[in-house]
Protein chains: 2
Amino acid sequence: MNDTLVKKFSNRDLKPTAMRILVLRFLMEQTKAISLSDLELAFERADKSTLFRTLKTFEQSKLVHSIEDGTGHLKYALCLEECNCSAVDLHYHFHCIKCKETYCLTNLNIPTIDLPKNFEMQQANMVVKGLCANCNH
Amino acid sequence: MNDTLVKKFSNRDLKPTAMRILVLRFLMEQTKAISLSDLELAFERADKSTLFRTLKTFEQSKLVHSIEDGTGHLKYALCLEECNCSAVDLHYHFHCIKCKETYCLTNLNIPTIDLPKNFEMQQANMVVKGLCANCNH
DNA sequence: TAAATCTTTGCAATCCAGTTGCAAGCATAT
DNA sequence: ATATGCTTGCAACTGGATTGCAAAGATTTA
């Protein structure tokens, strides 16, 4: 197990079980957000519920965040190292309506949004939809 | 059937069937986005699939737009009269994590978002989450 | 007016992602 | 080594979304 992985687990106070190591490594290889079924395909030997719970554990520990991109399937992507999943850590996501892939736009934080009186923002799910570079010819 | 209703249907080239009139009227009474199950509760006599298809028809005709607020249930809300459901018509939504209600923030359009090269925005699903005024004490 | 056609509705069934209960396996602490 | 607790796998369930099909209703055509 390499150093980056070890660090990610210890940073978040998570025990690095075999399954978690595999899943985290897989997540680190992705450039896109993945769904539970993507994970099932990648790990045919592992049980769906285990993968599900692994993702949920990661989410709770703020190792990953989930995105509702409108496909009906939740997708997950690695958080940045310092991420605390609070409002300031939020970024936009992009969902390609052609290839159905979902990308984190981590370079751009979401602005302060002018809410009605006494409304308080804590989280956000921001998904821009359209065509990604690959599909946009 | 009142004038506003008639106009909404004719604007969108939709036949005003009994069911559609009831559903549209119901939607117009709402201050919040509603889910299919909300609609089922409101119209116990009507069949789920009919309500479902009515919503889908309305959505296609741009009479309503759908919102994924993160509850797992799609919600629907009336579009503004001139809405074309294109990028310029998009607005934020607010989902209260306590009372689970979802509001359209129609007073605020979403800004232009700086996308990676060759990415093209067409739609968006923007949901701010937190506490609404009622739940925020 | 009747027949043919198209649309809408209701019922029943299906799909499938997400989720849970339970028991077995594994790791850690006593 | 024994007890305790977390993790995993299996199987089953849940519930929203969706579809096929036939009946009912509306519209057009002859």
Side-chain angles (χ1 to χ4, degrees), chain A residues 1 5-6 9-10 12-26 33-61 63-77 95 100-102 125 127, chain B residues 1 5-6 9-10 12-26 33-61 63-77 95 100-102 125 127:
Chain A
M1 178 162 75
L5 271 166
V6 178
F9 283 118
S10 60
R12 304 296 184 169
D13 269 323
L14 265 184
K15 270 195 277 184
T17 67
M19 194 74 251
R20 287 179 186 163
I21 293 168
L22 288 172
V23 172
L24 180 55
R25 187 174 293 150
F26 180 77
I34 60 152
S35 67
L36 178 56
S37 23
D38 292 334
L39 213 51
E40 282 182 74
L41 286 175
F43 297 96
E44 296 197 336
R45 319 280 295 279
D47 187 73
K48 188 167 73 145
S49 65
T50 304
L51 296 169
F52 170 72
R53 286 189 270 228
T54 302
L55 284 174
K56 287 302 173 195
T57 306
F58 282 8
E59 191 178 13
Q60 276 201 333
S61 309
L63 214 47
V64 305
H65 58 281
S66 62
I67 309 130
E68 287 212 10
D69 64 8
T71 56
H73 315 356
L74 260 188
K75 291 192 181 163
Y76 299 85
H95 175 70
K100 315 289 185 209
E101 300 289 359
T102 301
N125 186 68
V127 183
Chain B
M1 179 162 74
L5 271 167
V6 178
F9 283 117
S10 60
R12 305 296 184 169
D13 269 323
L14 266 184
K15 273 193 277 186
T17 68
M19 194 72 252
R20 288 178 186 163
I21 292 167
L22 288 172
V23 172
L24 181 54
R25 186 175 293 149
F26 180 76
I34 61 151
S35 66
L36 178 55
S37 24
D38 292 335
L39 213 50
E40 282 184 72
L41 286 174
F43 297 96
E44 297 198 335
R45 319 280 294 279
D47 187 74
K48 190 167 71 147
S49 66
T50 305
L51 295 169
F52 169 73
R53 286 187 270 227
T54 303
L55 284 175
K56 289 300 174 195
T57 306
F58 282 9
E59 192 179 11
Q60 275 199 333
S61 309
L63 214 46
V64 305
H65 58 281
S66 63
I67 309 131
E68 287 212 9
D69 63 9
T71 57
H73 317 358
L74 261 187
K75 291 192 179 163
Y76 300 84
H95 174 70
K100 317 287 185 210
E101 299 290 0
T102 301
N125 187 69
V127 183

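First the proteins, then the strands, lettered A, B, ... as listed; each starts at 1.
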Side-chain (A:S61) to main-chain (A:L63) donor-acceptor, under 3.5 angstrom: no
Residues, nucleotides or ligands: over 12 heavy atoms within 6.0 Å of B:E40 CD: yes
Any B:K15 side-chain nitrogen or oxygen under 4.0 Å from OP1 or OP2 of D:dT27: no
Partner of B:H95 under side-chain contact (heavy atoms from CB on, under 4.5 Å), chosen from B:E68, B:E101, B:K75: B:K75
B:I67 CD1 to D:dA17 P, straight-line distance once rounded to whole Å: 13 Å
Gap between atoms CD1 and C1', on A:I21 and C:dA27 respectively (whole Å): 14 Å
Identified side-chain contact (heavy atoms from CB on, under 4.5 Å) partner of B:T54 from the options B:V23, B:L39, B:V64: B:V23
Nearest-Å distance for atom pair OH/C1', residues B:Y76 and D:dG16: 10 Å
Of the listed nucleotides C:dG10, C:dT19, D:dT8, the one nearest the side chain of A:K56: C:dT19
Contacting residues from residues 33-51 of chain A, given that a heavy atom lies under 4.0 angstrom of DNA chain C: A:L36, A:K48, A:S49
Euclidean distance, atom CZ of residue A:F52 to atom C1' of C:dG21 [Å, nearest integer]: 14 Å
d(CZ, B:F9; P, C:dT7) in whole Å: 17 Å
d(NE2, A:H73; P, C:dC16) in whole Å: 10 Å
Under the ring pair (Phe, Tyr, Trp, His ring centres under 6.0 Å) test, residues paired with A:F52 that sit two or more places apart: none
Derivation of the side chain to side chain contact (heavy atoms under 4.5 Å, CB included) call for B:N125 and A:N125: CA-CA 8 Å; B:N125 187 69; A:N125 186 68; 4.1 Å; yes
Main-chain N/O of B:D38 paired to B:S35 side chain as donor or acceptor, under 3.5 Å: yes
Any B:R53 side-chain nitrogen or oxygen under 4.0 Å from OP1 or OP2 of C:dT9: no
Rounded distance in Å - CG (B:L55) to C1' (D:dT18): 13 Å
d(CZ, A:R20; P, C:dC26) in whole Å: 16 Å
